[in-house]
Protein chains: 2
Amino acid sequence: MLSASAKTVARLSLYRRILTDCAARGVRSIYSHELAQTLQITATQVRRDLMVVGFSGSPNKGYDVEALLGSISTVLDRAGGEQVALVGVGNLGRAILSYFQGRYANLNVAAAFDQDPALHGRLIHGLTIQPMTKLSEVVAANGIYTAILTVPASEAQRVVEELIRAGIRGILNFAPLTLRVPEHIYIRTVDIAMKLETVAFFARQDAAREVYEA
Amino acid sequence: MLSASAKTVARLSLYRRILTDCAARGVRSIYSHELAQTLQITATQVRRDLMVVGFSGSPNKGYDVEALLGSISTVLDRAGGEQVALVGVGNLGRAILSYFQGRYANLNVAAAFDQDPALHGRLIHGLTIQPMTKLSEVVAANGIYTAILTVPASEAQRVVEELIRAGIRGILNFAPLTLRVPEHIYIRTVDIAMKLETVAFFARQDAAREVYEA
DNA sequence: ACTAAGTCGTGAAACCGTTCACGATGTGAA
DNA sequence: TTCACATCGTGAACGGTTTCACGACTTAGT
Ligand SMILES: NC(=O)c1ccc[n+]([C@@H]2O[C@H](COP(=O)([O-])OP(=O)(O)OC[C@H]3O[C@@H](n4cnc5c(N)ncnc54)[C@H](O)[C@@H]3O)[C@@H](O)[C@H]2O)c1
Ligand SMILES: NC(=O)c1ccc[n+]([C@@H]2O[C@H](COP(=O)([O-])OP(=O)(O)OC[C@H]3O[C@@H](n4cnc5c(N)ncnc54)[C@H](O)[C@@H]3O)[C@@H](O)[C@H]2O)c1
């Protein structure tokens with residue numbers, strides 16, 4: 001069993017994106033420092049990450065693009081493609097649905113759920129919105145164990161529990177709160193307001209530095 | 001000049017959210033371990049962060065909620081409120097606009113820009129969409145130095161350069177690529193596809209662990 | 001065949017953020 | 001008043017991640 005940190009896995013995903021692009025442009029091989037430069041990290045970092053997946057390059061040729069793509073995909077991808085459920089088809093949920101439809105070969109939003117009866121049966125970005133009562137059934141039938149959560153914060157904890165009961169084990173949460181989940185559930189929260197506040201803070205700091213220094 | 005890491009600033013934003021809620025519920029004081037539990041971090045971590053902002057609590061009373069709120073806000077907030085521009089009013093941009101309108105007292109999306117002439121002058125979630133040619137003028141007039149970037153990846157680098165030329169110093173980018181910016185510009189990228197891939201990976205790992213262990 | 005140049009793989013060091021551990025401090029009960 | 005107790009503030013230890021540094025390797029050119 002491969003043991004990679006979340007940071008390494010995240011970078012592997014980025015390497016793959018670059019490599020896919022290289023392959024499409026007909027580039028056959030690539031050096032660690034080229035990958036590094038594109039992502040603004042160090043070449044050593046790239047080599048470390050590839051070491052984790054057990055891939056070897058060769059001096060003077062670098063890494064074979066096709067082979068590395070295959071190697072990373074073996075690590076990251078689920079056979080048959082990753083099927084994902086989206087729960088909460090509001091403003092953000094819709095944006096995400098539209099974004100993922102058909103964009104990634106191995107990453108497919110396969111079902112969308114919402115509590116609102118007015119949405120049930122409606123076709124949005126290629127998916128028919130289903131009621132929450134269908135969750136367990138659809139998740140089981142499609143072999144889904146990853147979900148995107150875009151419901152209001154006030155509902156999120158309750159919905160997470162429904163998801164887990166339905167067999168979901170990985171959750172990408174957009175509601176701005178810390179969710180309580182059992183040990184074996186993997187959950188990551190994307191807190192946009194917090195990120196924006198952080199950006200604003202450092203933008204201001206840099207401004208101040210410019211003002212007071214030099 | 002206060003020197004806090006990005007992680008500390010991010011957590012300060014989360015502390016504030018909790019404290020605001022406490023204040024609204026009439027809670028007068030709070031212990032580090034209570035804040036910690038809500039965010040699923042350690043009490044020591046909380047105390048360290050508050051040390052950075054120079055705030056002191058007292059044994060047996062903990063931290064005064066109102067005073068701490070004030071102290072964090074002094075650090076995080078810009079006098080008069082942070083004004084933010086959003087560039088790229090597509091699916092994601094609209095969702096973000098609708099989310100931020102009137103939700104945060106000190107964090108206001110004050111202007112929205114798009115290249116598409118069909119959108120110019122249209123009122124979306126309370127804002128009139130402006131052409132890119134107005135960028136410099138509006139940014140300067142409103143004292144904006146933070147922007148949310150939700151344009152297609154193919155446009156992002158070019159647009160970032162426009163933003164910087166217009167005086168923007170902090171950027172929250174949603175386009176899935178690494179942008180090249182000068183040293184003094186603070187930029188954070190939220191890569192949703194990468195995050196989702198990471199979640200799917202670890203959800204699968206945990207499944208495997210369950211399968212092979214025990 | 002040998003040398004020069006450049007990259008790879010990786011042990012060790014450096015770095016940063018988190019956690020431990022404990023003395024200091026303030027509070028309430030006896 | 002004094003003691004027992006819970007929490008605070010923080011130096012030191014720890015752990016994970018990144019970077020350094022260098023030997024091994026491959027290839028191109030002479
Ligand atoms: N829109 C953004 O840009 C943005 C930014 C930051 C955070 N968020 C967070 O993302 C989440 C969604 O935001 P949004 O703007 O799309 O909100 P929204 O109100 O537009 O959509 C929420 C959707 O969830 C559905 N829903 C409510 N309760 C449900 C339940 N119990 N089960 C299933 N579905 C349920 C609603 O019917 C609605 O369709 C919120 O938690 C919000 O805080 C959004
Ligand atoms: N929608 C999502 O959930 C999602 C998820 C992950 C990443 N993203 C990224 O976020 C970005 C926006 O996604 P979206 O789904 O909203 O796309 P979209 O196509 O719906 O919207 C893009 C908007 O940007 C505008 N635009 C294009 N070029 C411009 C320019 N040069 N200057 C100003 N405006 C310009 C377009 O007119 C359009 O309104 C993309 O980079 C996408 O990859 C979106």
Side-chain angles (χ1 to χ4, degrees), chain A residues 2-15 18-19 22 27-69 71-72 75 178 186 188 194 198 201-202 205, chain B residues 2-15 18-19 22 27-68 71-72 75 178 188 194 198 201-202 205:
Chain A
L2 176 83
S3 168
S5 71
K7 291 188 172 196
T8 293
V9 171
R11 282 190 299 262
L12 288 174
S13 171
L14 302 181
Y15 298 150
I18 294 165
L19 291 166
C22 287
V27 175
R28 294 309 200 82
S29 65
I30 191 166
Y31 295 119
S32 59
H33 68 82
E34 295 177 295
L35 276 168
Q37 191 164 42
T38 311
L39 294 172
Q40 293 172 206
I41 59 179
T42 66
T44 304
Q45 179 81 83
V46 173
R47 295 203 296 274
R48 277 264 172 238
D49 288 334
L50 299 189
M51 209 172 86
V52 170
V53 312
F55 190 84
S56 279
S58 74
N60 274 37
K61 280 210 205 104
Y63 301 96
D64 183 279
V65 171
E66 287 293 349
L68 182 50
L69 260 176
S71 200
I72 292 177
V75 172
T178 305
Y186 190 86
R188 311 235 73 186
M194 183 206 77
T198 305
F201 175 83
F202 283 105
Q205 297 299 302
Chain B
L2 176 82
S3 168
S5 72
K7 292 188 172 196
T8 293
V9 173
R11 282 190 298 263
L12 288 174
S13 170
L14 302 182
Y15 299 149
I18 294 166
L19 290 167
C22 287
V27 175
R28 293 308 200 83
S29 64
I30 190 165
Y31 295 119
S32 60
H33 68 81
E34 295 176 294
L35 276 168
Q37 190 164 44
T38 310
L39 294 173
Q40 293 172 205
I41 60 180
T42 65
T44 304
Q45 178 80 84
V46 173
R47 296 202 297 272
R48 277 266 173 234
D49 288 334
L50 299 189
M51 208 172 89
V52 169
V53 311
F55 191 83
S56 279
S58 73
N60 274 36
K61 278 211 206 105
Y63 301 97
D64 183 280
V65 170
E66 287 293 349
L68 182 50
S71 200
I72 292 178
V75 173
T178 305
R188 310 236 70 187
M194 185 207 76
T198 305
F201 176 83
F202 284 105
Q205 297 298 304

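Naming: A, B, ... by sequence-line order, numbering from 1 per chain. Scope of the values below: all heavy atoms of this structure, side chains included, with no hydrogens, waters or symmetry mates.
- In the set C:dC8, C:dA21, D:dT19, the nucleotide with an atom closest to the side chain of A:S32 is C:dC8.
- Proximity note for A:R11 (side chain, C-beta onward) versus C:dT18, D:dT10, D:dT18: the nearest is D:dT18.
- A:S56 comes within 4.0 angstrom of the backbone, heavy atoms only, and of no base.
- Between B:F201 and A:V75 the shortest heavy-atom distance is CE1-O, 3.4 Å.
- When each of D:dC8, D:dT17, D:dT26 is scored by its nearest atom to the side-chain atoms of A:K7, the top-ranked nucleotide is D:dT17.
- For B:Y63, counting side-chain heavy atoms from C-beta on, the closest listed nucleotide (D:dC8, C:dT10, C:dC8) is D:dC8.
- A:T38 places a side-chain N or O within donor-acceptor distance of the main-chain N or O of A:E34, the cut-off being under 3.5 Å.
- Computed from coordinates, the A:Q45 CD to D:dG16 C1' distance equals 12 Å when rounded to whole Å.
- Picking from D:dT27, C:dA21, C:dT18 the nucleotide with the shortest atom distance to the side chain of A:K61 gives D:dT27.
- Heavy atoms of A:S5 sit under 4.0 angstrom from primed sugar atoms or phosphate atoms, though from no base atom.
- Judged purely by atom type and a 3.5 angstrom limit, B:S71 has no side-chain atom pairing as donor or acceptor with the backbone of B:A67.
- In this structure, B:N60 atom CG and C:dG26 atom C1' are separated by 6 Å, rounded to whole Å.
- Residue B:S58 is classed as a sugar-phosphate contact, given heavy-atom separations below 4.0 Å to backbone atoms only.
- Distance CG (B:L68) to P (D:dG9): 10 Å, rounded to an integer number of Å.
- What separates CD of B:E34 from P of D:dA6 is a distance of 15 Å, to the nearest Å.
- Checked against D:dT27, C:dT27, D:dC8, the side chain of B:Y31 finds its nearest nucleotide in D:dC8.
- Computed from coordinates, the B:L12 CG to C:dG17 P distance equals 14 Å when rounded to whole Å.
- For D:dT19, its base sits under 3.5 Å from the side chain of A:R48 at one donor and acceptor pair at least.
- Proximity of a side-chain donor or acceptor of A:Y31 to a complementary backbone N or O of A:N60 within less than 3.5 Å is detected.
- For B:R47 and D:dC8, the shortest distance from a side-chain N or O to OP1 or OP2 is below 4.0 Å.
- The side chain of A:P59 has D:dT26 as its nearest neighbour among D:dT26, D:dT19, C:dG26.
- Of the residues near DNA chain D, A:T44 and B:H33, the one whose nearest nucleotide (by heavy atom distance) lies more toward the 5' end is B:H33.
- Rounded to the nearest 0.5 Å, atoms CG (A:D49) and CG (A:L39) are 10.0 Å apart.
- Between the CG atom of B:D64 and the P atom of D:dT7 there is a distance of 17 Å, given to the nearest Å.
- Taking atom CG on B:L39 and atom C1' on C:dG17, their separation rounds to 17 Å, with Å as the unit.
- Side chain of B:S29 to backbone of B:K61: a donor-acceptor contact under 3.5 angstrom is found.
- We find that CE of A:M51 is positioned 7 Å from P of C:dG11, with the value rounded to whole Å.
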